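Below is one structure, written out as structure tokens; comments come after it.
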Amino acid sequence: MSGFRIPGKGRVDPATPVSFRFDGRKVRGLRGDTVASALLANGIHLMGRSFKYHRPRGPVAAGSEEPNALIGTRRGPGRYEPNTRATVQEIWPGLEATSQNKYPSLKWDIGAVNDAAYMLFSAGFYYKTFMWPRSFWDRVYEPFIRAAAGLGVSPSREDPDSYASRYLHCDVLIVGAGPAGLAAARAAAVDGLRVVLVDENAEAGGTLLSEPQARIDGRSAWDWLSAELAALKANGVRIMTRTTAIGYYHQNMIGMVEKLTDHLPDLPADTPRERMWRVRAKQVVLAQGALEKPLVFHGNDRPGVMLAGAAQTYLNRYGVLVGRQPAIVTSHDSAWYAAFDLADAGARVQAIVDTRADVRAELLAEAEARGIKVKLSHTATATSGRLRVKSLRVNPVRDGKVGTPYTIHCDTVLMSGGWTPSLHLFSHTRGSLAWDDDLTTFLPKDTPEECVIAGASRGLWGIEAALTDGADKGRAVAAALGKAGTETAHVVEADRPGTGTSEKELPTDLDPSRAKAFVDYQNDVTAKDLRLAVREGMRSIEHVKRYTTNGMATDQGKMSNINGLNIAADALGKKQPQVGLTTFRPPYTPTSFGAFAGYHRGAHFEVTRKTQIDAWAEEHGAVFEPVGQWRRARYFPKPGEDMDSAVRRECVATRASVGMFDASTLGKIEVVGPDAVEFMNRMYTNPWTKLAPGRCRYGLLCGDDGFIRDDGVIGRLSQDRFHVTTTTGGAARVLNMMEDYRQTEWPDLQVWLTSTTEQWATVAVNGPNAAKLLAPLVEGVELTDDAFPHMSCAECTVAGMPARLFRISFTGEIGFEINVPTPMGRKLWEAVWQAGQPFGIVPYGTETMHVLRAEKGYIVVGQDTDGTVTPHDAGIGWAIGKTKPDFVGKRGMARPDLVAKGRKQLVGLLTEDRSRLEEGAQIVFDPAQKVPMKMVGHVTSSYLSDAVGRPIALALVEGGQDRMGETVHIPMPDRTIAATITSSVFLDPDNARLKI
Amino acid sequence: MLLIHCPYCDETLPEVEFTYAGQAHVVRPADPSSTSDSEWEAFLFLRENPKGAHYERWRHLHGCGRFFNAVRDTVSDRFLTTYAAGAPRPDLSDLIERAK
Amino acid sequence: MTHFSAFSLLKNALTGNRNWTEQWPDPEPKAEYDVIIVGAGGHGLGAAYYLAREHGITNVAVLDKGWLGGGNTGRNTTIIRSNYLYDESARLYDHAVDLWEGLSQELNYNVMFSRRGVLMLAHTVHDVQSFKRHIHANRLNGVDNRWLTPKECKAYCPPLSISPDARYPVLGGALQERAGTARHDAVAWGYARGAAKRGVDIIQNCAVTAIRRHPDGSLAGVETTRGFIKAKKVGVSAAGHTSVVMQTADVRLPLESFPLQALVSEPVKPVFPCVVMSNAVHAYISQSDKGELVIGSGTDQYTSYSQRGGLPLIEHTVAAITEIFPIFNRMRMLRKWGGIVDVTPDRSAIISKTPVGGLYVNCGWGTGGFKATPGAAHTFAWTIAKDEPHPINAPFTMERFRTGRLIDEAAAAAVAH
């Protein structure tokens with residue numbers, strides 16, 4: 001162990017050393033250390049490089065607000081993440097940590113040349129240059145800028161870990177387990193209220209972990225803490241550590257991320273890395289505490305310059321002395337206590353430099369008792385040192401004048417510019433803030449959510465104040481839930497309430513326009529950048545932020561927002577609230593994508609719906625395609641076949657004898673009731689009144705805008721019952737649309753709608769031998785043209801199974817669709833398969849289905865139509881009930897543009913050179929024209945057709961139905977193809993093949 | 001994620017159970033064929049889109065399946081009330097008073 | 001106003017950067033303007049710039065209720081492309097891309113237009129058909145867009161997973177190489193500076209509370225939080241708030257305003273060379289010059305002005321991104337935010353005269369307004385200056401919702417079979 005670890009200090013375990021690697025070098029820490037505390041214990045402050053100037057940086061904070069000490073962390077292949085905060089990452093044996101944004105090494109980084117040219121890289125410099133010559137932007141400047149930016153390196157492998165998500169409902173959620181949160185939990189944990197207390201740290205306690213000197217109710221802070229935690233657990237409070245409340249959403253929903261494995265030496269099996277909690281709380285107490293502000297002066301970023309509160313935390317929580325000769329610069333009492341703690345731990349505090357003229361006598365006395373020099377009314381104007389601070393330059397300030405500088409030698413500079421209440425989650429609620437002149441900060445005002453703020457996050461300082469306020473707020477939320485919370489009172493000795501002033505950049509005798517006084521460390525935004533932005537006309541904090549990038553680093557302004565605002569307000573000569581505060585956005589701290597995605601990865605990204613016959617198709621070598629959420633067999637290749645040859649074989653066999661097709665994915669809706677026929681009349685374009693029970697009709701559904709929405713064959717099973725089929729992808733949409741009209745427009749109709757897609761498995765059997773094949777299997781229906789003509793339906797038995805049998809055809813061949821209860825789907829399929837063997841039956845997929853229907857000119861909604869096609873455009877105006885007074889779409893399709901001449905209409909195309917057109921290819925009348933060409937339509941479907949003997953295509957063509965026999969042209973990249981407009985029915989226009 | 005009270009189920013449930021269904025009280029003309037193009041345009045497309053109280057429809061899709069009406073403040077996203085489809089438009093000033 | 005150049009940057013660096021001047025002043029509103037533009041986003045500021053530059057109309061004010069560029073201009077994912085299907089859209093967006101290409105030089109403000117290419121992924125047979133239709137139409141319209149095989153997609157965008165076992169396997173993609181991104185804030189600032197230089201008043205924190213009309217119905221001017229301002233012409237370009245403003249003039253528009261969310265990751269070194277969009281899973285992604293992955297999602301389902309948006313949508317968007325780019329699963333989200341987008345029934349914009357003489361509107365850009373900025377601004381300025389639409393924006397009327405002559409790109413991408 002190095003000499004920076006103080007025996008007897010901290011909550012780390014001296015008996016359990018832990019080794020890990022930093023930039024390949026072995027480092028020893030103790031169990032309970034973070035990477036930052038372990039490195040500091042070894043005297044290492046240099047942990048990273050800044051974004052723009054590549055300046056050497058060490059940790060400035062000790063928590064999740066850290067902007068500088070960002071590292072890559074790795075646990076074997078695939079488990080690597082960039083930009084991890086070294087101040088948060090707990091060490092475990094074998095952890096590999098690497099520094100970032102440096103080349104070739106952290107100590108000698110070539111990117112640091114930017115630092116020398118920093119006057120050129122002033123705020124917004126890139127908006128003002130890199131414009132000449134114009135072509136250089138893409139090829140030279142931008143790649144250069146991009147390569148220079150970016151901190152760590154992206155992971156390059158798939159993440160082997162899993163992530164979970166859970167819901168949690170509770171009465172009271174308390175965010176932050178510091179004194180205010182603990183007291184609130186104690187007060188609210190009454191009478192069965194479900195209370196949840198969360199904290200982002202590895203252990204609960206907040207400030208108490210850094211202030212062991214305090215005595216609460218007669219006990220040491222840490223003893224009190226462990227007793228209190230035990231009491232809370234006994235009272236049923238759920239305490240969740242390593243859990244960050246990342247966002248506050250509508251109606252008290254809080255997103256929280258729990259880290260489960262990043263701190264463990266060995267990964268437990270079957271444990272997710274992180275878990276997203278969606279918490280719905282009746283009441284929320286926000287007790288997130290406050291964040292310390294840096295002071296802004298030239299050189300306030302050198303390794304070794306850090307927040308006084310952070311030094312205090314490193315000492316008290318981790319037992320690490322960050323430096324042996326610290327100098328303190330402060331405008332707030334809190335840093336004095338840090339100085340005392342470090343002095344008491346053996347550091348030689350070089351001086352306490354305070355910007356204020358008056359400081360409490362008690363602090364002065366304590367400093368004197370420790371022999372610490374005190375410099376009041378002083379300013380800090382510079383530091384020195386390359387990779388570690390060596391000295392601090394300070395000057396007295398009298399009557400606003402900066403006096404003669406002198407140098408204080410030191411190995412660390414501990415600073416405090418006061419504290420900013422942490423209002424992030426409050427801000428997510430769109431809560432309003434009020435500026436407090438005394439505290440020079442924003443405090444919470446109103447919020448639309450059921451939430452209260454306790455402790456330091458509303459500007460109260462000291463442990464006793466936090467405990468008291470927390471208890472008050474705990475009782476308040478209990479009262480809001482109708483319960484009397486526990487009355488508690490706490491006495492705190494050795495408490496450290498304090499006051500301070502808030503500063504803009506510290507006054508200096510040096511040229512302020514050349515000062516590197518950092519406000520946003522990571523993004524290298526200095527005070528002069530902020531002032532330059534104001535000089536250039538940026539008058540709101542939003543503009544200043546965006547122009548300078550202040551507050552846009554990975555700490556999201558936790559360090560920089562208020563300092564930036566103070567400086568911008570000063571430059572504008574306005575009060576801070578007139579300049580505004582940028583809105584805090586979720587997440588509170590950077591959060592793994594994996595935690596958001598949760599279970600929705602790989603096969604679970606979205607559900608895959610499979611029919612009962614899917615497994616058979618897979619066993620028989622089907623190639624699948626996704627259609628909506630379904631996966632459907634696309635074709636069934638035999639060995640050596642590609643899609644075209646398989647589809648050709650399937651088509652030929654079906655037209656020659658018989659083929660079978662799994663149509664189970666078709667949407668099915670049962671429309672039932674005395675007014676079912678009236679409902680159908682109103683919804684669909686077709687007339688339904690005269691359709692006799694036992695008969696089917698092609699149904700066409702439009703929107704009230706007059707455009708085609710869906711189609712499908714509809715069977716009337718009885719006077720009051722319709723079996724409606726929809727497209728595979730359209731089922732849910734159609735039912736929703738039907739329900740909308742039924743419930744909202746026509747509530748008087750007695751009709752009920754039920755989705756039956758999942759209830760029926762559907763096997764389509766098509767081909768000249770279809771009836772012959774099925775007849776022996778069907779009981780109750782005679783499969784003849786007389787007894788069961790085309791477009792009939794009946795309830796019967798097929799292969800011993802109860803069935804709804806439809807005689808319909810989407811192929812132009814004799815066709816049947818057999819519906820049986822879903823669990824029987826495969827049994828039916830195999831029965832048909834067996835019965836079909838003598839006929840050489842083939843199973844076919846969606847691709848063959850498409851070819852067969854296209855040969856007959858049957859449209860596929862969504863392929864041959866898009867959302868801009870009317871029934872007349874699609875050539876199915878015959879499906880409109882012309883005498884009906886109204887139906888959905890009737891008025892819409894009478895709008896001027898929908899009845900105008902020259903609309904695109906569906907026709908057939910035959911290429912003159914017998915080549916196959918490409919679907920989506922555009923059509924022109926005049927092939928000689930120059931680009932941009934006047935396009936008059938496009939190819940919607942195109943297939944090789946054995947039955948027609950040449951490739952066929954369907955197309956939408958301007959005025960197409962009046963252009964039969966005309967030649968159109970399809971300009972392709974390499975040539976222009978001529979095609980003749982034909983009827984869209986290529987095969988058997990008289991439907992002779994439908995007869996048995 | 002919003003919390004929505006279904007007036008039929010009489011339960012307050014998360015938004016993921018519901019689908020939004022646009023402005024409420026847009027009545028489909030009784031005799032569409034007698035409407036002018038402008039009237040039909042208004043029925044199809046013209047919407048209030050207010051910044052503030054909005055009369056709108058939701059469907060409890062993953063619940064009872066029914067459409068209902070709601071008044072929601074589009075600035076805070078807070079529901080002022082929900083009520084059955086077909087019920088008259090509730091008075092806004094009462095709702096705002098009650099919300100306070 | 002300082003001219004920007006490498007020389008001016010150097011000169012100012014040597015003088016402590018003390019001599020830069022403000023990029024636009026902060027004037028008090030005058031009593032009367034020839035033209036008032038409502039909304040100081042990229043579209044509104046751009047319209048003012050082109051009114052001054054192309055039409056010599058300089059007695060112009062741009063009013064905004066907040067800060068210039070503070071709305072959707074500064075909240076979007078900065079994608080620029082023009083590979084739209086319909087002639088009308090392709091012409092408008094391609095006009096915009098033409099202007100984007102020279103915009104930095106024209107404005108003397110580096111808007112960082114980066115032609116890094118936009119790749120749209122096809123995951124289903126239906127996607128393939130639809131994209132090919134776009135590619136063929138684009139080719140005949142002179143708009144660049146070409147088909148890539150899965151392997152070519154992977155070569156163009158190495159982080160992409162083209163595993164055939166994915167839930168949404170990549171079946172190919174449509175690539176527009178001329179497309180890309182730009183720096184959103186710089187667009188607003190560059191237009192503001194250019195307009196201000198030509199005499200346009202940019203008046204921030206001046207909310208328009210009503211458009212006032214004379215008793216005879218003709219346009220009088222605008223009521224604002226800083227008093228009444230007389231205007232001969234008013235152009236409204238207020239994005240999500242357009243409905244609210246136009247209603248005060250008794251003009252109803254077919255608009256609804258929805259929340260739209262976007263997010264960025266922590267910054268990393270260059271890993272993502274282009275823009276990738278996937279309509280099937282509803283997500284798009286690029287990497288900013290700062291190194292952040294910039295990710296956009298679809299709109300929330302309900303209308304809102306809250307700029308909040310829900311967690312489920314973001315969870316879905318992130319899941320979609322990590323599904324296509326599994327290597328990003330351990331990257332972290334840095335910030336997410338919401339905007340308000342105004343959506344028309346056909347998801348195409350309106351750049352149009354209105355029934356009120358002298359009142360014009362540019363709205364309905366939905367999720368795609370940024371890419372159109374220069375083209376929309378340019379044609380909107382023309383429409384205002386000449387009181388008639390430019391041929392490019394002539395199809396984008398309010399009338400089309402009455403006649404049914406919609407420009408429905410989304411419908412054309414259409415329902416599945």
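A note on names: the letters A, B, ... follow the listed sequences, proteins ahead of strands, and every chain is numbered from 1. The structure displayed is predicted, hence computed values, not measured ones.
Using a 4.5 Å cut-off between heavy atoms, C:Gln247 touches chain B through its side chain atoms alone. If you measure heavy-atom distances from C:Met398 to chain B, the contacts under 4.5 Å come from the backbone alone. Heavy atoms of B:Leu2 lying under 4.5 Å from chain C belong exclusively to its side chain.
In this structure, the salt bridge (Lys or Arg N to Asp or Glu O under 4.0 Å) partners of C:Arg400, at least two apart in sequence or on a different chain, are C:Asp346.
C:Ile211 places a side-chain heavy atom less than 4.5 Å from the side chain of C:Val245. C:Thr224 is listed as a side-chain neighbour of C:Leu63, based on a closest heavy-atom distance under 4.5 Å. The closest side-chain heavy-atom distance from C:Val236 to C:Met246 is below 4.5 Å.
Of the listed residues (C:Val244, C:Asp300, C:Leu255), the greatest number of heavy-atom pairs within a distance under 4.5 Å of chain B belongs to C:Leu255. Of the residues considered (B:Pro50, B:Pro14, B:Ala42, B:Ser76), B:Pro50 shows the highest number of contacts with chain C, using heavy-atom pairs under 4.5 Å. In terms of non-hydrogen atom pairs under 4.5 Å with chain C, the most contact-rich of B:Arg47, B:Glu15, B:Lys51 is B:Lys51. Of the residues considered (B:Asp73, B:Thr19, B:Val16), B:Thr19 shows the highest number of contacts with chain C, using heavy-atom pairs under 4.5 Å.
Both cation-pi conditions hold for B:Arg89 and B:Tyr55: the charged atom is under 6.0 angstrom from the six-membered ring centre and inside a 45 degree cone around its axis.
C:Thr354 places a side-chain N or O within donor-acceptor distance of the main-chain N or O of C:Val356, the cut-off being under 3.5 Å.
When only modelled atom types and interatomic distance are considered, C:Tyr360 and C:Asp387 share a side-chain donor-acceptor pair under 3.5 Å.
B:Tyr83 and B:His25 have parallel rings, their planes meeting at less than 30° on a 0 to 90° scale where 60° marks the start of perpendicular. Ring orientation note: the planes of C:Tyr305 and C:His241 are tilted relative to one another, at an angle of 30° to 60°.
Of residues 31-40 of chain B, those residues with a non-hydrogen atom less than 4.5 Å from any non-hydrogen atom of chain C are, in numerical order, B:Asp37, B:Ser38.
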